[in-house]
Structure formats: C-alpha cells, structure tokens
Amino acid sequence: MSQTQTLYAAFAGHLNAALDALEEAGTLPAGLNRAAVTVEPPRDASHGDLATNAAMVLAKPAGTNPRALAEALVAELTKLPQVTGAEVAGPGFINLRIADAVWLDELRALAELGANYGRSTMGGGSTVNIEYVSANPTGPMHMGHCRGAVVGDALASLLEFAGHKVIREYYVNDAGGQVDVLARSVHLRYREALGETIGEIPEGLYPGDYLVPVGQALVKEFGDSFAAAPESEWLPAFRTRAVAAMLVMIRADLALLGIRHDVFSSEAELQAARKPAEAEVWLRARDLVYDGELEAPKGKVLDDWEPVALPLFRSTKFGDDQDRSIKKSDGSWTYFGADLAYHFQKAQSADALVDIWGADHAGTVKRIKAAVSAMTGADGTPTPFEVKLVQMVQLLRNGEPVKMSKRSGNFVTLADVVSEVGKDVVRFTMLTRKPEAQMDFDFAKVVEASKDNPVFYVQYAHARIRSTLRKGAAEGLAPSAAHIDRLGKEELELIKFAAQFPRQVEAAAAAREPHRIAFFLGDLAAAFHAYWNVGNDRPEKRFILAQDAELSGARLFLGAQIGQLLQSGLALLGVEAVEEM
RNA sequence: GCGCCCGUAGCUCAGCAGGAUAGAGCAUCAGAUUCCUAAUCUGGGGGCCAUGGGUUCGAAUCCCGUCGGGCGCACCA
C-alpha cells in the first residue's frame, strides 16, 4: 500500500483547476508556464495553512499586476469546500485556510496507512544502486568511515521509501598494492603465531593487533609450510585469507550500526573476469582510449617523475582536466581502470547509480563521471550517476585533533565509539548536518554530552506517547477516531505539522539529503513536547481524561499517530523508537 | 597554479529547487514540577547571512570576483 497523493499535491491540483477556470473566463491568457507555481505551507503559520505564489509568478507574463490576478484567483479558490479562507497578502501571495475536516481526514489517513504514511511513488519503481562505505579491506572500520556509512544507509532507506528499488553495494578494493601490504603484515603475524619473535612491526606494514588472530588461523590452515618460503609462494593465498578475514570484521562493525549491504563486489574478481580488459577494447574501438603520456603533476615536485606512454581514457572529452590512465606501466590496472569497468557493470542492473565517497576522493569524481557517461551513453541516454561527497570528520579528543592512520595503527574504531555512546547517538549525530559540510567529532564531548544528544529528544517524545497509551489502556481508555472532530486548535496544529511528512520525504529523497528527515523529526518532537506541556497548566488539555472518554480517545488517537510517525521517521534513519526511557 | 566543498547568533548547525519579520540546539538570564515520563516546557538577550558586484517584483539561497578554512591534484587507493 502506498500513498498516491499528498495533501499538498491535492491542493496543487485544485489550484491548477482554478487557473484553468480563469483561463476560460479570459482573465488569464492560455498556455502560461506554471512550472514556477508552488503550493506550500507559509513560513509563518499565522499566515494560514497554505500559500501560493501563483499570482506573483504569472502576473508578468499575463500582462497584469499581481494583486489584481491574486484577487481573481482568490474568488475562484474560495469556491472550494475545503477552503475556509483565502486572502491576498504582501506582494501577491495568496494565503489559504483549510477546513478542519481536511486535516482530520489526513489524520485518519495517517492511521490507516500506518508505517506506510509518507511512502511515495515518486521513484516509480526504478532501481537505484547505491554504493557506500567501500572502505579498504585492510582493517576494522574507524570513525572516518562512519559518516559515509550512515549517510549512505539512511539514503538507501529513504530512496526505498520514496518508491525506488534499492541495491546497497560495497566495492571491495582487494586488488591493489595495499592488499600486498596487508598480506605481508599477516605473514608476520603468522610467523609470530608459530613462535617466532617478531619484535616491532616494521615501518610500512599494518601494526594493528587485529591481525594476530588472522595469523593464528593461517597456522591452523597451513601449519609452518610458509614460514620460510619466498613471498611469491604464499602471497596470493595470504591475500585472499586476509581480505576475507577483514571483511568478516568490517561486516561485524557495520552490523553494530545496523548496516547491511546487498552486494559485495570484489575488484579482484572483476579483474579475474577480465572486465577491465573488455572495457578497454570497447573504449579503444571508439577512440576513447589511446596511448599517450600524462603531464607532470602540478603543484608538487616529484623527483622520480618521468613521462611514460600509457593507455589513457579521454576524460577531457567529458569535462575532466586531464586524460586518465587505465593501466600502470607494469601492465596492471590502475584503480580507475578497474573502477570504470565496475561502474559499467553496475549500470547493467540499475536505472541510476549513486556513490557515496569521502571528500578525499573528490579529485576523481570527474573522471568516473566521464567514464560512466562514455560507457553508458554510447547508445542512448547515459545512466544517471551521482557522486555524493561526504566531508571528512575531524576527530578530536578534548579539542586536540587525533591523527588517524591505519598504517600507524593509531585510530579510533567505530566499534569503540558505538560501544561508548551507542548506535543511535552515532547515527543521529551523523545525520544532523548536511554531508558536504565539514564536521568535528570530539570523542570526549560526544561521550560526555550524549545525554543531551538530540536523538534522545526525539526518542523521548516517542517514549512519552507510548507510556501515555499504556497508561490510558490501564484506565480503560483506548485511541479512537470516533470523536476526533472534538479535537481543538492545539491538536490541529500538531496534525498540520505531521501532515508535512510526505512532502518532506519526497524533498529529502529528491535532494538525496536524509538529514532533512532528522530535522523534521526534531521539529515534530518539539511540537509534541510543547503540546504535552499545555496539560501541565491546564489539566483539561491532557490525554487521559477519566471524565471524558470520548475526547480522551480522540487525543490518544492523535498521540498514537504522532508516535507512529516518529517511529516511521526514525526507521528511515535507522534509529530505535524506544518504548520507555 | 588548478579542481571540488564550506563560510549564517559566543559555540554546533538548519534554512525545504529564490518568497513575507533569517531559525533551532548548546551556552546565558528569568520562570514552570502536590499534575498523563521535567531527558520536558514558557519567555528574554544575542545576526552587516565572510565580502564586493550582478540577475529580478523579491537573494542567505542563483551567477561572477575577492578574502578565509578544508580536501584533492600519481602509474596510490
């Protein structure tokens, strides 16, 4: 079951009908472009329930003045039974007041749709592949990965809710040189497990303790047969074992945050299947790959730089600053060479691609977008492809920057932070700012201030509602829609706020900005808390009224729906809606 | 030098494809608890939306320049 039309969309329809009527009457020339006409709630609630800019937008092309047009439109809109008031304001806004019955209908719709209220058909069932996390399989997840993981996961849920099929994908970079480094680091741990004294981990290898059990497992599997063997004999086996072990760890870390991917794609398998080679052939046939030399990098001096002929992809043809090599001089694939084939492969099974990347990869966005355009656009329209850059999280400890590096073994793991402050705090914190803004995450501060975290504010609203429903039930009072027409002004304000959820979902999904849901929930919780507190001074405004079961039932009904909405919204963010606090 | 992102209250940040008097949390000041969960609520103070121009009925929002901060500029990943 899905919601087919929001209340706001319905009024956009009414407005269009009114404009049609004006056209027929000759007040308005036919065929004006109405694309810029909006129907939305005014910033200031005292202006009414809905506002439209139609008169201001259309006045000029219609050759009339905004206020005159607005008056005519008001006369038309007033005919609607749902409209109880319409007036012209300011430079030509039309403010509408909507009949209470319309809002009460919306409340009933919320109850009927339950967890599906706000679900949209906007996506039209098209498939979006969203790639996120994709951390290198060389160690546990650390806080630097966390933001992209949470944002990607929440976005995936949001797009699903907005009517897309979603594939959640993790690209495993298991083909590069860093995996050799990992394998060598593991070999050292393997020798250690055999009883050798390995001393300090040499510079350049991964020093983390998390490799100790991997070494032990390899002893169990291979005994001591590789202890003194040359690297070429053990490297391939150690690579695959080590990567597999790292992925087990990474999945466990992600699970702590409630994150699960549908697909793990391996770069090594991609190469073994010769996908990059196929891509090269295909691109060469279209003169999109040629042999050439790269310019020396600007802005820094490399002593060992010298021009070499390499197969280059013509990314400049698609807006990049430089053509990019797809192979190294030793004949192996560059990261880009494989990534290009990978994206082409993804495009086969999805209508649109979204990548969530850390901002440190910003420099490679143009080339991969160029590659996707080139490869998917050859016969028809290119597959829509967006890269969302998630800015770095600067990790602080008491205001001091913490340098993080897997090489040095000095990093704060995601698991540490989650066990310290909890999944919900981590997730909500990451979702209460837009991803492209830089962010400080002071470990000490977050731990210390976790009680003030906004996530609890939202959860508390939900817990309050659940508690009230339990208490009502204990007193024989159940939520009921039978008398919701007795709800008053304060209750209607709450309904009006809640009714914005569907359009918030669509706007957030269209913008690929899950953080908007977090802010909406904060505002909804605030509206609820404020309403609740009215009952402190005025006992007749409480939910539980032993002397008036009808009104009590109506208020509990409203409360139940607000609770449901909080739960739906939190579910999109992957945060628990708790029963009590 | 070039590319991308950011600059809004003391601090952390929203600002919904340009709308009406720029908002919230924290901090601060003044209040509310014999009462359904006070992890809450009510109110006050606090702003040259970095800056200069442009676009138009209208700009924090779009365009250009400048300044400041971050990230990147390999055949790394």
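Within every chain, numbering begins at 1; the chains are lettered A, B, ... in the order of the sequence lines, protein sequences first and strands thereafter.
Listed candidates were C4(B), A20(B), U40(B). Nearest to the side chain of Phe93(A) is A20(B). The side chain of Tyr460(A) lies closest to A39(B) when the candidates are C13(B), A74(B), A39(B). Across A77(B), C71(B), C57(B), the shortest atom-to-atom separation from the side chain of Ala359(A) is found for C71(B). Comparing U37(B), A14(B), C75(B) by their closest approach to the side chain of Lys434(A) singles out A14(B). The side chain of Phe519(A) sits closest to C13(B) out of C13(B), G3(B), A20(B). Of the listed nucleotides (G15(B), U37(B), C75(B)), C75(B) has the atom at the smallest distance from the side chain of Leu310(A).
Checked against the 6.0 Å centroid criterion, the rings of Phe528(A) and His462(A) do not qualify as a close aromatic pair. Aromatic rings from Phe93(A) and His47(A) are positioned such that their centres are separated by 6.0 Å or more. Taking the ring centroids of Phe336(A) and Tyr342(A), they lie at or beyond the 6.0 Å cut-off. Taking the six-membered ring for Trp and the full ring otherwise, the centers of Tyr531(A) and Phe543(A) sit less than 6.0 Å from each other.
An OP1 or OP2 oxygen of A17(B) is reached within less than 4.0 angstrom by a side-chain nitrogen or oxygen of Arg516(A). In this model, the phosphate group of C26(B) is not approached by any side-chain N or O of Tyr457(A) to a distance below 4.0 Å at OP1 or OP2. OP1 or OP2 of G15(B) lies within a sub-4.0 Å distance of a side-chain N or O belonging to His515(A). Dashed line: the shortest gap from a side-chain N or O of Arg367(A) to OP1 or OP2 of C73(B) is not under 4.0 Å. Here Trp532(A) reaches the OP1 or OP2 of A38(B): one of its side-chain N or O atoms lies under 4.0 Å away. Close to C57(B), at under 4.0 Å from its OP1 or OP2, lies a side-chain N or O of Lys60(A). For Ser467(A) and U37(B), the shortest distance from a side-chain N or O to OP1 or OP2 is below 4.0 Å.
Within the nucleic acid shown, Pro66(A) has no heavy atom closer than 4.0 Å to any nucleic acid atom. Within 4.0 Å (heavy atoms only), Thr38(A) reaches no atom of the nucleic acid at all. Residue-level contact check: Gln459(A) touches neither bases nor backbone, having no heavy atom under 4.0 Å from any strand. Residue contacts shown for Tyr335(A) include a base, since a base heavy atom lies under 4.0 Å away. Contact annotation for Ala89(A): base contact, defined as any heavy-atom pair under 4.0 Å involving a base atom. Using a 4.0 Å heavy-atom distance criterion, Thr334(A) is classed as a sugar-phosphate-only contact. Contact annotation for Ala530(A): backbone-only contact, meaning every heavy-atom pair under 4.0 Å involves sugar-phosphate atoms and none involves a base. Looking at heavy-atom distances under 4.0 Å, Asn53(A) makes contact with a base. Heavy atoms of Phe520(A) sit nowhere under 4.0 angstrom from any nucleic acid atom. Across all strands shown, Asp360(A) has heavy atoms under 4.0 Å from sugar-phosphate atoms exclusively, and none from any base. Within 4.0 Å of Glu267(A), counting heavy atoms only, lies no atom of the nucleic acid at all. Residue-level contact check: Ala51(A) touches the bases, meaning some heavy atom is under 4.0 Å from a base atom. Note on Gly535(A): a base of the nucleic acid sits closer than 4.0 angstrom, heavy atoms only. Arg542(A) comes within contact range of at least one nucleobase, with a heavy-atom separation under 4.0 Å.
Under the Watson-Crick or G-U wobble criterion, with both distances below 3.5 Å, U21(B) has no partner in any strand shown. Pairing for G52(B) is with C64(B), a Watson-Crick or G-U wobble pair whose two hydrogen-bonding atom distances lie under 3.5 Å. In this entry C26(B) has G10(B) as its Watson-Crick or G-U wobble partner, both defining distances falling under 3.5 Å.
Shortest non-hydrogen contact noted between Ile484(A) and Phe557(A) is CG2-CD2, 3.7 Å.
Of the residues near RNA chain B, Arg466(A) and His529(A), the one whose nearest nucleotide (by heavy atom distance) lies more toward the 5' end is Arg466(A). Comparing Lys328(A) and Gln504(A) against RNA chain B, the residue whose closest nucleotide sits nearer the 5' end is Gln504(A).
Side chain Asp174(A) to base A77(B): no donor-acceptor pair is found below 3.5 Å. At a cut-off of 3.5 angstrom, the base of C36(B) holds no donor-acceptor pair with the side chain of Thr468(A).
Under 3.5 Å, the side chains of Asp330(A) and Ser332(A) contain a donor-acceptor pair of N or O atoms.
Put simply, His361(A) does not rest on the base of G72(B): the two rings are not both less than 5.5 Å apart at their centres and under 30° in tilt.
If you run side chain to side chain donor-acceptor pair (under 3.5 Å) between Asp355(A) and each of His361(A), Lys369(A), His343(A), Lys388(A), only His343(A) comes through.
In this entry the base of A17(B) is syn relative to its sugar, with a glycosidic angle within 90° of 0.
At a threshold of 4.0 Å, the pair Arg239(A)-Asp174(A) does not count as salt-bridged, since none of the basic side-chain nitrogens sits closer than that to a carboxylate oxygen.
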